Amino acid sequence: MASSSIRPSLSSLNKLPSFSSRNLSQRFSLFHLRNGVRLLPQNFGLKASRLLRHDSGSMRVMASRSMSQSVTQENALDWVKWDKRRMLHVVYRVGDFDKSIKFYTECLGMKVLRKRDMTEEKYTNAFLGYGPEDAHFAIELTYNYGIETYDIGTGFGHYGIAMDDISRVVDIVRAKGGIITREPGPVKGGDSTVAVIEDPDGYKFELLERAPSPEPLCKVMLRVGDLDRSIKFYEKVVGMELLRKQDDPESKCTVAIMGYGPEEKTTVLELTYNYGITKYDKGDAYAQIAIGTDDVYKTAEAIKLAGGKITREAGPVPGYRTKITSCVDPDGWKTVFVDNHDFHKELE
């Protein structure tokens with residue numbers, strides 16, 4: 001289906017909600033005129049009164065427009081809550097494409113789901129994961145021709161993988177010369193068993209021992225400088241739910257788990273605030289998270305209305321029919337929204 005350059009109006013999202021008399025009385029005062037009753041703001045002053053006498057029709061239009069804008073914003077932000085959103089994949093850069101693919105398939109048990117080589121743009125992508133992309137979260141490895149190393153920075157944390165035997169995976173990683181930064185063991189103060197390993201480029205993976213999970217690739221952890229600010233952003237702009245928040249005074253950090261479904265069944269975003277640290281170096285290795293949406297145009301408008309910063313206006317990707325829009329959170333972490341229909345067509 002050909003993409004359209006026409007931008008849908010947000011006023012078509014829902015029918016305008018009715019206002020209670022109580023709400024109306026809070027926002028407007030009644031002015032009785034010869035040709036009927038008009039609703040006008042409470043701070044309607046002398047100058048406006050004169051204008052009203054000269055052109056009551058114009059003032060009625062202005063008041064109506066003000067109400068329409070308010071309702072539009074309310075509808076746009078409400079729309080985010082029922083939009084069919086899902087975390088699709090996380091994108092990051094690697095220096096040795098074949099070596100990385102070998103690590104993920106042989107050590108972590110992932111499968112190569114698809115590849116694409118963009119010769120004109122001089123990069124190659126590989127999508128890997130534990131199940132079809134139309135139902136599972138995946139990783140998108142990007143290899144830029146001729147670039148062998150990247151800076152991961154201090155802001156990126158780790159990816160999480162849930163599996164039923166992490167010791168076996170650690171042994172495989174060790175046998176193949178991989179790096180284990182935390183041997184399997186219980187989490188301090190809890191009953192979970194975890195291990196931490198590194199891939200060939202230094203990205204950390206936290207292995208969580210659990211019963212078989214419907215979504216093994218279960219977490220992306222990023223560090224933020226103001227946790228409450230970030231939670232508000234991901235709730236209002238990205239449409240995620242705060243699943244839990246946990247403070248750890250001993251480790252001097254607070255964690256917020258954000259997502260679109262139960263933590264044990266879906267991929268979540270783990271935001272970590274380390275006491276007293278407000279800024280991080282993001283490097284150039286980690287790129288972004290992709291999230292599916294039913295309408296990138298409405299999503300872009302909602303982002304703007306919620307005070308988010310758009311980095312790419314809604315529309316089709318050059319050379320593709322897939323429509324996207326993107327934004328950055330208060331710490332500069334990027335999120336790309338992908339049209340759900342276009343994404344499924346891309347997988348065919």
Side-chain angles (χ1 to χ4, degrees), residues 13-14 75-92 113 127 129-140 157-162 206 208 210 212-222 224 227-246 255-272 286-303 305-308 314 322-331 333-344 346-347:
L13 293 180
N14 291 311
N75 284 352
L77 298 178
D78 282 346
W79 178 80
V80 170
K81 299 174 184 177
W82 57 260
D83 182 23
K84 294 183 179 66
R85 296 188 177 183
R86 180 177 70 87
M87 291 176 66
L88 304 178
H89 49 256
V90 61
V91 186
Y92 52 102
L113 304 173
F127 295 80
Y130 294 102
E133 288 181 73
D134 59 357
H136 292 272
F137 190 67
I139 62 172
E140 179 183 338
H158 58 258
Y159 305 111
I161 300 179
E206 182 183 67
L208 301 93
R210 345 175 144 157
S213 172
E215 189 55 84
L217 191 51
C218 62
K219 179 170 62 177
V220 177
M221 191 275 260
L222 302 173
V224 298
L227 192 60
D228 291 335
R229 180 183 65 181
S230 294
I231 290 172
K232 182 178 179 181
F233 175 87
Y234 282 96
E235 285 180 330
K236 292 186 64 176
V237 177
V238 186
M240 290 182 174
E241 178 185 354
L242 175 61
L243 302 175
R244 66 181 173 92
K245 187 177 179 182
Q246 182 175 336
V255 170
I257 304 296
M258 313 290 299
Y260 296 112
E263 185 178 354
E264 65 276 7
K265 295 182 179 180
T266 61
T267 305
V268 298
L269 178 64
E270 179 180 314
L271 304 175
T272 297
Y286 174 88
Q288 64 213 25
I289 290 175
I291 294 173
T293 175
D294 283 340
D295 191 315
V296 296
Y297 297 98
K298 292 177 183 177
T299 290
E301 289 299 329
I303 290 170
L305 290 169
T322 302
K323 295 181 288 296
I324 69 170
T325 189
S326 64
C327 67
V328 291
D329 75 358
D331 291 274
W333 298 116
K334 186 177 178 182
T335 298
V336 174
F337 293 91
V338 182
D339 182 273
N340 283 328
H341 176 75
D342 294 348
F343 179 69
H344 285 284
E346 189 176 317
L347 298 179

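No experiment lies behind these values; they were computed from the predicted model shown.
In terms of modelled atom types and a separation under 3.5 Å, the side chain of D83 and the main chain of D294 share a donor-acceptor contact. At least one donor-acceptor pair closer than 3.5 Å links the side chain of N340 to the backbone N or O of T293. The closest donor-acceptor contact from the side chain of D331 to the backbone of W333 lies at 3.5 Å or more, if one exists at all. Not one N or O on the side chain of T267 forms a donor-acceptor pair closer than 3.5 Å with the backbone of K219.
Considering CD of E133 and CG of L113, their distance stands at 5.0 Å, rounded to 0.5 Å. In this structure, NZ in K334 is found 4.5 Å from OG in S326, a value given to the nearest 0.5 Å. Remark: L242 CG to I231 CD1 distance equals 5.0 Å, nearest 0.5 Å. In this structure, the separation between CG on L222 and CG on L269 is 5.5 Å, given to the nearest 0.5 Å. Of the inter-residue distances, the one linking I303 atom CD1 with F233 atom CZ reads 7.0 Å to the nearest 0.5 angstrom. Put simply, CE on M258 and CG on L243 are 7.5 Å apart, with the number rounded to the nearest 0.5 Å.
M240 pairs in a side chain to side chain contact (heavy atoms under 4.5 Å, CB included) with only one of the listed residues (E235, R85, M87), which is M87. The only option from Q288, H136, E140 that meets the side chain to side chain donor-acceptor pair (under 3.5 Å) definition with H89 turns out to be E140.
Taking the six-membered ring for Trp and the full ring otherwise, the centers of Y159 and Y92 sit less than 6.0 Å from each other.
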Verify side chain to side chain contact (heavy atoms under 4.5 Å, CB included) between I291 and T335, making sure each step is shown before the conclusion. CA-CA 7 Å; I291 294 173; T335 298; 3.7 Å; yes
request  = Take V91 and Y286, measure what side chain to side chain contact (heavy atoms under 4.5 Å, CB included) needs, and give me the verdict at the end.
outcome  = CA-CA 7 Å; V91 186; Y286 174 88; over 6 Å; no
- Task: Check the pair K245 / L227 against side chain to side chain contact (heavy atoms under 4.5 Å, CB included), numbers first and verdict last.
- Result: CA-CA 10 Å; K245 187 177 179 182; L227 192 60; 3.9 Å; yes
Q. When you look at F337 and V238, which way does the side chain to side chain contact (heavy atoms under 4.5 Å, CB included) test go after all the steps?
A. CA-CA 9 Å; F337 293 91; V238 186; 4.2 Å; yes
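Under the ring-ring contact (aromatic ring centres under 6.0 Å, His included) criterion, F343 pairs with no residue at all, not counting sequence neighbours. For K81, the side-chain contact (heavy atoms from CB on, under 4.5 Å) partners at least two apart in sequence or on another chain are D78.
The heavy-atom pair separating C218 from A162 by the smallest distance is SG-N, 3.8 Å. Residues A314 and T325 come closest through the heavy atom pair N-OG1, 3.6 Å. Heavy-atom minimum distance, V237 versus A306: CG2-CB, 3.6 Å. The two residues G239 and V80 make their nearest non-hydrogen contact at CA-CG1, 3.3 Å. Residues R86 and A135 approach most closely at NH1-C, 3.7 Å, considering heavy atoms. Scanning both residues, S230 and L271, for their nearest heavy atoms gives CB-CD1, 3.9 Å.
The closest side-chain heavy-atom distance from T322 to V338 is below 4.5 Å. Side-chain atoms of V268 and Y260, non-hydrogen and from C-beta on, never get closer than 4.5 Å to each other. Y234 places a side-chain heavy atom less than 4.5 Å from the side chain of D329. Side-chain contact between T299 and W79 is present, with at least one heavy-atom pair separated by less than 4.5 Å.
With respect to the salt-bridge test (charged N to carboxylate O, under 4.0 angstrom), the residues K84 and D295 do not qualify. One finds a salt bridge joining E263 and R244 here, because a Lys/Arg side-chain nitrogen approaches an Asp/Glu carboxylate oxygen to under 4.0 Å. Comment: E215 does not engage K265 in a salt bridge, judged by the lack of any side-chain N to carboxylate O separation of less than 4.0 angstrom.
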